[in-house]
Peer 1: 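Got a structure here, written out as C-alpha cells. Questions coming.
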2 protein chains.
Amino acid sequence: MQDRRPPMGESLLFLTDDQLLQGIELMFFAYRGFTSDPDKILDNHTYGRAHHRAIHFVHRQQGTTVNNLLDILGVTKQSLNRVLRQLIDDGLVESRVGERDRRERHLYLTEEGIALESELSETQRKRMRKAYKAAGPDAVQGFRTVMENIMDPNMRRHVNTPKRD
Amino acid sequence: MQDRRPPMGESLLFLTDDQLLQGIELMFFAYRGFTSDPDKILDNHTYGRAHHRAIHFVHRQQGTTVNNLLDILGVTKQSLNRVLRQLIDDGLVESRVGERDRRERHLYLTEEGIALESELSETQRKRMRKAYKAAGPDAVQGFRTVMENIMDPNMRRHVNTPKRD
DNA sequence: AATTTACGTCAGTCTTGTTGACTTTCCAAG
DNA sequence: CTTGGAAAGTCAACAAGACTGACGTAAATT
C-alpha cells in the first residue's frame, strides 16, 4: 500500500498548493492592513499612496535624484512628476539643481515634509513593531528571508539594510 | 558607565527603527513582485487586479455571496459590481439566485473562469514556491506568524487554512 | 557640432476606487 | 397582510494614479 500523501522525500508539506494559497492570501491581507493606517492620514492631506511612497524614499535617501526614484518606484516619470510637483509646490519637498551634473535634480524633504513622513511612518512602524514583538526574533528572521525571496532580485539592493553594532 | 545600546532587557535588536524600516520596505517590494506576474497576464485580457481578486476569492469559495465578497475585498458594492458584471458578461463567472434566500446571488466560476484562475494563480504559486523552498520550513513558519500579526485581526478568518492530515 | 541624458510638461486614456440617489426584489416581523 | 428593511443592481459623476506619446530644454558627452 502506498503513502496517501504526495510524493516527497522529506517533509515538504509547506510546499503544498494549499500552503502556497495561504501564503498568497497572507500577502493580500497583510498588505491591506499595512497600508490602511497611512491611507487614513493621507486622506486628510488630499494625498494618496503615491505621495507616501515618494516621501518615504526621499526621506530615506535625502538628495536622491529623480531618475533613482523612478528606478525604485517603477512608475513613469509623468506619474512621478505629478505627485512630486504637488509635494514641491506644497513645500514638503525641495528640488535642488545638481552641482556636479546640473541636469539632475536632487530631492530633499523640508521640515514640513519630515513632519508628515514621521507621522506616516510612525503608524507603520507601530504595526510592524507589534507584529515583530508578537512573533519573536526567529519568526522575524524567517519573515525577512521569505520576503526577500518573493521580491525581484534586482530590487533587493533598494531595501534598507540595518546597521549591525 | 552605562550600556551604549538602548535600554532593553534581552536582545530586542530586531525592534529597532532601522529593522522596522527594513520590514516596511520588504512589504513594499515583495508585494510589488508578487503582483507583477498576474498583472502581465491580465493585461492581455483587458482585466486588472480587481478582476483577479474577485476571481481568486470566488474560486476559493465557490457559491459565495456578493455580500461576503464585499466583506473580504473591502470595496464598495458599486466598485465590485463593475468588475463582477464584466466577468459575468464575459462568461467567466456565473451568478445564481439563492435558493434559501432569493435576494442573494451566489457566485461560481465557469470553466473559462477556472482556466484563467489557474493561469493567474500558477504564476503566484510558482513565485511563492520558489521563495518558500529557498527559505525553508522554519522561515516559512516565521513568515506566516509575522504576516498574521501584521494584518487586521478580523481578516484572519478569511485566510485559507491548510489541512493538517 | 551632433548626440545623448535628465528632467519637465501637455494631452489623452484606462482602471479602480469613491459618493449619492434611486429601484427592484423579497424576507420577516408586526 | 402590510410594511419596514435588507440585499442587490443600476445610473451618474468624480478623483487618484497609473499609462502612452509627443515635445521642449538644458546640460553633458562624444
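Note that the coordinates shown come from a computational prediction; the quantities given were computed from them, not determined experimentally. Quick note on labels: first sequence line is chain A, next is B, and so on, each numbered from 1.
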Peer 1: Under the rule for side-chain hydrogen bond (donor to acceptor under 3.5 Å, both in side chains), what residues qualify as partners of A:Glu122, not counting sequence neighbours?
Peer 2: A:Arg125

Peer 1: Tell me every residue that passes side-chain hydrogen bond (donor to acceptor under 3.5 Å, both in side chains) with A:Glu119, counting only those two or more places apart in sequence or in another chain.
Peer 2: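 Here no residue qualifies.
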
Peer 1: Scan residues 102-111 of chain B for pairs that pass side-chain hydrogen bond (donor to acceptor under 3.5 Å, both in side chains), counting only residues two or more places apart or in two chains.
Peer 2: B:Asp101-B:Arg103

Peer 1: If the condition is salt bridge (charged side-chain N to carboxylate O under 4.0 Å, His left out), which residues does A:Arg96 pass it with, not counting sequence neighbours?
Peer 2: A:Glu94

Peer 1: Which two nucleotides bound the region of DNA chain D that has atoms under 4.0 Å from heavy atoms of chain A, read 5' to 3'?
Peer 2: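 Going 5' to 3' along DNA chain D, contacts run D:dG17 to D:dA28.
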
Peer 1: If the condition is side-chain contact (heavy atoms from CB on, under 4.5 Å), which residues does A:Asp138 pass it with, not counting sequence neighbours?
Peer 2: none

Peer 1: Before giving the answer on side chain to side chain contact (heavy atoms under 4.5 Å, CB included), spell out for B:Thr145 and B:Gln141 the whole-Å C-alpha distance, their side-chain angles and the decisive distance to 0.1 Å.
Peer 2: CA-CA 6 Å; B:Thr145 309; B:Gln141 186 48 55; 3.4 Å; yes

Peer 1: Strictly below 4.0 Å, heavy-atom distances to any atom of DNA chain C: list the hits from residues 79-89 of chain A, or just say none.
Peer 2: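 Nucleic-acid contacts, sorted: A:Asn81, A:Arg85.
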
Peer 1: Under the rule for side-chain contact (heavy atoms from CB on, under 4.5 Å), what residues qualify as partners of B:Thr76, not counting sequence neighbours?
Peer 2: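 B:Gln78, B:Ser79.
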
Peer 1: Take nucleotides 21-30 of chain C nucleotide by nucleotide from the 5' end and write B, S or -, depending on whether a protein heavy atom sits under 4.0 Å from the base, only from the sugar-phosphate, or from neither.
Peer 2: B----BS---

Peer 1: Are B:Leu107 and B:Val66 packed together at the side-chain level, in the sense that at least one heavy-atom pair is separated by less than 4.5 angstrom?
Peer 2: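 Sidechains of B:Val66 and B:Leu107: in contact.
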
Peer 1: Under the rule for side-chain contact (heavy atoms from CB on, under 4.5 Å), what residues qualify as partners of A:Gln124, not counting sequence neighbours?
Peer 2: A:Phe34, A:Pro38, A:His52, B:Ile24

Peer 1: Between residues 45-74 of chain A and DNA chain C, which residues have a heavy-atom gap below 4.0 Å?
Peer 2: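 Hits under 4.0 Å, by residue number: A:Thr65, A:Val66, A:Asn67.
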
Peer 1: Only counting residues at least two apart or in another chain, list the ones meeting side-chain contact (heavy atoms from CB on, under 4.5 Å) with B:Glu25.
Peer 2: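 Counting only residues at least two positions away or on another chain, B:Glu25 forms a side-chain contact (heavy atoms from CB on, under 4.5 Å) with A:His56, A:Phe57, A:Arg60, A:Val159, A:Asn160, B:Leu21, B:Phe29.
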
Peer 1: Going by an N to O cut-off under 4.0 Å, is there a salt bridge joining A:Asp152 and B:Arg127?
Peer 2: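 Yes, this pair counts.
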
Peer 1: For a quick check under 3.5 Å, do B:Tyr132 and A:Asn149 share a side-chain donor-acceptor pair by atom type?
Peer 2: no

